[in-house]
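These notes are about the structure you will find just below.
Each chain gets a letter, A, B and so on, in the order its sequence line appears, and its residues count up from 1. Reckoned from all heavy atoms, side chains included, excluding hydrogens, waters and symmetry mates. In this text, all values refer to a predicted model and were calculated from it rather than measured experimentally.
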2 protein chains.
Amino acid sequence: MTYAEVFTALADPTRRSILEALRDRPRTVGELAAEQPVSRPAVSQHLRVLELASLVTAEPQGNRRLYSVKREGLDELRQYLESFWSETLSAYGAEIARRVGGGNTKS
Amino acid sequence: MTYAEVFTALADPTRRSILEALRDRPRTVGELAAEQPVSRPAVSQHLRVLELASLVTAEPQGNRRLYSVKREGLDELRQYLESFWSETLSAYGAEIARRVGGGNTKS
DNA sequence: CATTAAGGTAAGTAAATACTTACCCACTAT
DNA sequence: ATAGTGGGTAAGTATTTACTTACCTTAATG
């Protein structure tokens with residue numbers, strides 16, 4: 001899993017909607033599909049993408065599969081953002097702080 | 001600008017590559033295009049998307065436009081991640097901590 | 001002024017992707 | 001065993017989207 005897959009996964013509104021539904025409580029595929037404006041197979045396909053991005057996990061329960069959110073994917077993303085920003089700072093240095101700080105205080 | 005646009009913007013590898021180039025130092029469109037495997041107009045189009053997502057800003061300098069990274073977009077994203085996770089926790093509660101903490105202890 | 005350089009926009013194309021229906025397999029229960 | 005339910009997968013379609021070339025406008029330079 002890489003942050004690339006996480007970005008891809010979260011770029012789609014339906015997938016975000018599914019993930020936000022799971023945020024409240026774990027759900028089965030059928031439950032999720034009932035809430036979404038798309039077909040059940042579509043939801044299955046979205047869940048596969050979310051799973052590959054480590055944003056959800058499935059737990060088989062007899063006949064059904066219970067999906068819940070997983071932390072890894074979001075962690076990966078947070079990590080990317082952090083390192084991105086810190087590298088920006090170390091490159092631009094005080095320059096950027098002045099420029100984007102929210103108004104030029106130096107002038 | 002919403003987090004949705006930020007996710008969309010960062011989902012594309014070329015756009016991430018452009019943004020990562022800008023992370024080192026501000027650059028003109030021509031410079032960026034020279035580094036990327038795509039044409040200059042393509043870069044222009046990507047820059048528009050990045051700008052709409054508040055990930056970059058352009059500063060006209062005579063004939064050229066100097067692009068640099070902007071904090072807003074990434075901030076929006078960080079905020080989304082934070083609130084997402086905190087809402088997950090308040091819903092799942094200790095449940096999730098146990099479940100994803102690194103193995104099911106209950107079974 | 002005429003020319004060159006920089007870069008945004010338009011229009012069209014090709015590739016990716018989000019959907020659909022149809023099908024199939026695994027469990028549950030009669 | 002046989003329905004019935006839940007859900008993954010296949011195959012095809014339609015929409016998005018990332019790219020291209022061609023064009024146009026603005027700024028620097030002879």
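Here the P atom of nucleotide D/dG8 and the CD atom of A/Glu59 are 14 Å apart, to the nearest Å. Atom C1' of nucleotide D/dC19 and atom CD1 of B/Ile18 are separated by 12 Å, given to the nearest angstrom. The CZ-P distance, from B/Arg65 to C/dG8, rounds to 5 Å in whole Å.
Under 4.0 angstrom from either OP1 or OP2 of C/dA6 there lies no side-chain N or O belonging to B/Tyr67. Not one side-chain nitrogen or oxygen of B/Thr14 sits closer than 4.0 Å to the OP1 or OP2 atom of D/dA18.
The closest side-chain heavy-atom distance from B/Leu32 to B/Leu47 is below 4.5 Å. You'll find the side chain of A/Gln79 stays beyond 4.5 Å of the side chain of A/Glu82, heavy atoms only. Two residues are said to be in side-chain contact when any heavy atoms from C-beta on lie closer than 4.5 Å; A/Trp85 and A/Leu81 fail this criterion. In this structure, A/Ile18 and A/Tyr67 have side chains that are not in contact, with every pair of non-hydrogen atoms separated by 4.5 Å or more.
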For nucleotides 10-17 of chain D, which of its nitrogen or oxygen atoms have a protein nitrogen or oxygen under 3.5 Å away, and what is each distance?
none

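For the residue pair A/Glu59/A/Ser68, the side-chain donor-acceptor check at 3.5 Å is not satisfied. For the 3.5 Å distance criterion, the side chains of B/Ser17 and B/Gln36 qualify, holding a donor opposite an acceptor.
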What string of B, S and - do you get for nucleotides 23-30 of chain D 5' to 3' if you count protein non-hydrogen atoms under 4.0 Å? ---BSS--

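Here the closest non-hydrogen pair linking B/Val29 and B/Ser44 is CG1-OG, 4.0 Å. A/Leu66 approaches A/Pro26 most closely through the heavy-atom pair CG-CB, 3.8 Å.
Of the candidate nucleotides C/dC19, C/dA6, D/dG7, D/dG7 has the atom lying nearest to any side-chain atom of A/Ser44.
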Please table the atom pairs, donor to acceptor, closer than 3.5 Å between any side-chain atom in residues 3-10 of chain B and protein atoms at least two apart or in another chain.
| unit_1 | atom_1 | unit_2 | atom_2 | d |
| --- | --- | --- | --- | --- |
| B/Glu5 | OE2 | B/Thr2 | N | 3.0 |
| B/Thr8 | OG1 | B/Ala4 | O | 2.9 |

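Using a 4.0 Å cut-off on heavy atoms, the residues of residues 27-39 of chain A that approach DNA chain C are A/Val38, A/Ser39, listed by number. Sorted by residue number, the members of residues 46-56 of chain B with any non-hydrogen atom under 4.0 Å from DNA chain C read B/Arg48.
Under a hydrophobic-cluster definition in which Ile, Leu, Val, Met, Phe, Trp and Tyr are linked whenever side-chain heavy atoms come within less than 4.5 Å, directly or via other members, A/Val49 and A/Met1 are assigned to different clusters. Taken together through direct or relayed side-chain contacts under 4.5 Å among Ile, Leu, Val, Met, Phe, Trp and Tyr, B/Leu52 and B/Val56 form parts of separate hydrophobic clusters.
Salt bridge A/Arg64/A/Glu31: absent, no basic N to carboxylate O contact under 4.0 Å.
Considering only residues two or more places apart in sequence or on other chains, A/Arg27 meets the side-chain hydrogen bond (donor to acceptor under 3.5 Å, both in side chains) condition with A/Glu35.
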